[in-house]
Protein chains: 2
Amino acid sequence: MGRPRYQRRKEDRPQEIAEAAFAAFAEKGFTATKVEDVARRAGVSKGLLYLYFKTKEELFKAVIRGVVTPRVDELTRTLDDSELSAEAFIRGPLLTFLKRLPGSPASVVIRLMISEAPKHPDLVDYYWENVASRGLGALRQLLERGVANGEFRESAVNELPQLFIAPVMMSIVWGIVFADRSLDTDKLIETHVDMILAYIRA
Amino acid sequence: MGRPRYQRRKEDRPQEIAEAAFAAFAEKGFTATKVEDVARRAGVSKGLLYLYFKTKEELFKAVIRGVVTPRVDELTRTLDDSELSAEAFIRGPLLTFLKRLPGSPASVVIRLMISEAPKHPDLVDYYWENVASRGLGALRQLLERGVANGEFRESAVNELPQLFIAPVMMSIVWGIVFADRSLDTDKLIETHVDMILAYIRA
DNA sequence: TGCCTTACTGACTCATTGGTCAGTAAGTAT
DNA sequence: ATACTTACTGACCAATGAGTCAGTAAGGCA
């Protein structure tokens with residue numbers, strides 16, 4: 001008669017809880033987020049959350065991994081597929097990718113990593129292996145290709161792919177701290193890439 | 001007979017407590033730091049700390065202000081005093097200043113701002129007025145001087161002094177997240193400044 | 001030497017929150 | 001229908017840590 005008070009949906013719960021958690025973490029950060037709030041957001045009791053995730057930390061790690069993994073593949077895949085010259089690739093797909101980052105979930109992840117890194121060394125390891133080192137490796141490879149086919153000269157930039165990320169990081173941090181005071185992040189990143197290309201062009 | 005269990009040192013206590021707090025915050029961040037630990041570190045009881053600082057937040061703000069204020073004056077003062085050409089100033093004093101930042105207390109402040117900004121809007125305002133906007137203003141002024149006396153051409157960089165900070169921010173964030181995995185921050189910053197100058201030179 | 005002000009102590013309160021678990025009811029098989 | 005499994009609930013527990021305050025003693029002054 002009365003409709004059921006809840007449905008059993010073993011398959012979907014973990015995903016739904018993880019999504020709720022990501023939203024909550026994005027708003028208030030890890031520590032300030034209460035497990036109970038995540039549960040409520042996911043339309044579930046606290047007890048159930050603990051059935052699927054052993055601790056709050058487990059949940060945190062699962063969430064980060066879930067967001068991070070797909071993103072990286074995107075970049076490396078487009079890089080591998082592309083037949084463009086190094087410069088064309090940088091001005092095209094890479095620039096687009098970089099400009100998207102500050103507004104994407106990636107920026108939430110960065111914020112969480114900065115705040116929580118000291119307390120979660122294993123998460124840092126994961127992030128390093130699956131994101132940072134792979135991303136930087138791909139960039140380095142791209143630069144070497146450019147040098148190999150005579151587009152670029154040898155320069156310190158080859159050893160410092162972090163230079164490509166610098167303005168993105170700047171934009172992300174700016175967004176976190178000065179949320180309201182606007183900064184034209186697209187222009188910042190574009191100008192920066194322009195600078196790099198002018199600098200390394202053969 | 002027995003020597004006194006404590007000394008009364010009304011004058012020095014606040015300073016000492018603030019220093020202890022900075023050290024504690026630097027190690028564990030704001031939330032993870034217990035007021036009692038700060039007190040112990042300062043060689044003082046928790047009760048006394050609360051005599052000088054109304055709440056943990058008050059303490060936090062006082063600490064940030066204490067670290068931040070002197071640093072900024074340093075930059076603007078050297079800029080005003082200098083008779084160097086714009087380029088010489090950038091390659092000399094400014095570069096030195098920028099390279100020092102990642103290892104300085106400034107980087108601790110940045111980390112704390114990133115983690116706590118959403119919860120402390122008034123602190124963000126203070127930081128904006130006393131650090132960010134003044135620092136960026138000084139940089140913008142420097143660039144304009146360079147344009148005025150024919151050293152530099154007009155370029156988008158004039159509107160984006162954040163470009164100078166980008167590699168510094170990158171280095172700071174790198175240091176926070178990947179403390180151990182080394183990055184040659186000096187080289188990163190130097191190369192970057194090199195790039196900018198090549199780009200804007202008339 | 002004794003008195004008085006107040007810097008200082010530390011045991012206490014109380015709100016918060018991560019984590020548990022005995023019980024409930026949804027769905028399934030017979 | 002009835003029995004049975006287990007996804008799910010929510011009241012509860014225990015630990016933690018910010019903030020308080022009644023009391024103590026340092027040190028200056030008469």
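These numbers were taken from a predicted model, which means no experiment stands behind them. A, B, ... follow the sequence lines: proteins, then strands. Residue 1 opens every chain.
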Q) What do you reckon, is CD of A:Glu87 surrounded by more than 12 foreign heavy atoms closer than 6.0 Å? A) yes
**Q.** Nucleotide nearest A:Arg9 when distance is taken to its side chain, options C:dG10, D:dC8, D:dG27
**A.** D:dC8
(Q) Looking at B:Phe152, I'd like to know if the NZ or CZ of B:Arg145 sits under 6.0 Å from its six-membered ring centre while staying within 45 degrees of the ring's axis. (A) no
Q) Has B:Lys61 got its NZ or CZ under 6.0 Å from the middle of the six-membered ring of B:Phe53, at an angle within 45 degrees of the ring axis? A) no
Q: May I ask you to say whether A:Asp80 pairs ionically with A:Arg77, meaning some side-chain N is under 4.0 Å from a carboxylate O?
A: no
Q: Round to a whole Å and report the spacing from CZ of A:Arg40 to P of D:dC8.
A: 18 Å
(Q) Quick check with a 6.0 Å cut-off and a 45 degree axis cone: is A:Arg153 positioned over the face of A:Tyr199's six-membered ring? (A) yes
Q) Taking the six-membered ring for Trp, are A:Phe60 and A:His120 parallel (under 30°), tilted (30 to 60°) or perpendicular (over 60°)? A) tilted
Q.
A quick test of your reading: do over 12 heavy atoms of other residues, nucleotides or ligands sit less than 6.0 Å from CZ of B:Arg100?
A. no
Q: May I ask you to say whether B:Lys187 pairs ionically with B:Glu190, meaning some side-chain N is under 4.0 Å from a carboxylate O?
A: no
Distances under 3.5 Å between protein N/O atoms and the N/O atoms of nucleotides 16-19 of chain C, please, pair by pair.
residue : atom : partner : partner atom : Å
C:dT17  : OP2  : A:Lys34 : NZ           : 3.2
C:dG18  : OP1  : A:Lys56 : NZ           : 3.3
C:dG18  : OP2  : A:Val35 : N            : 3.0
C:dG18  : N7   : A:Lys46 : NZ           : 3.3
C:dG19  : OP2  : A:Tyr50 : OH           : 2.9
C:dG19  : OP2  : A:Lys56 : N            : 2.9
C:dG19  : N7   : A:Lys46 : NZ           : 2.9
C:dG19  : O6   : A:Lys46 : NZ           : 2.5

Q: If the plane angle is over 60° it's perpendicular, under 30° parallel, otherwise tilted; pick one for A:Trp128 and B:Trp174.
A: perpendicular
(Q) Does a side-chain N or O of B:Arg13 approach OP1 or OP2 of C:dA7 to a distance below 4.0 Å, or not? (A) no
Q: Round to the nearest Å and state the distance from B:Leu49 atom CG to C:dG10 atom C1'.
A: 14 Å
Below 3.5 Å is the cut-off: list the nitrogen or oxygen pairs between protein and nucleotides 2-4 of chain C, distance only.
none

**Q.** Along DNA chain D (nearest heavy atom to each residue), the more 5'-positioned of A:Tyr52 and B:Tyr6
**A.** A:Tyr52
Using a cut-off of under 3.5 Å, enumerate the N/O to N/O pairs linking the protein to nucleotides 2-6 of chain D.
residue : atom : partner : partner atom : Å
D:dT6   : O2   : A:Arg8  : NH2          : 2.2

(Q) So if I take every side-chain heavy atom of A:Leu51 and compare against C:dG27, C:dT9, D:dC8, which nucleotide ends up nearest? (A) D:dC8
Q.
For B:Asn158, is there any backbone N or O sitting under 3.5 Å from a side-chain donor or acceptor partner on B:Glu144?
A. no
Q. How many Å lie between CD on B:Gln7 and C1' on D:dG28, as a whole number?
A. 15 Å
Q: Measure from the side chain of A:Leu48, starting at C-beta and using heavy atoms only, and say which of C:dT9, D:dC8, C:dC8 lies closest.
A: D:dC8
Q: Calculate the interatomic distance between B:Glu11 atom CD and C:dA7 atom P; express it in whole Å.
A: 10 Å
Q) Ion pair present between B:Lys46 and B:Asp37, side-chain N to carboxylate O less than 4.0 angstrom? A) no
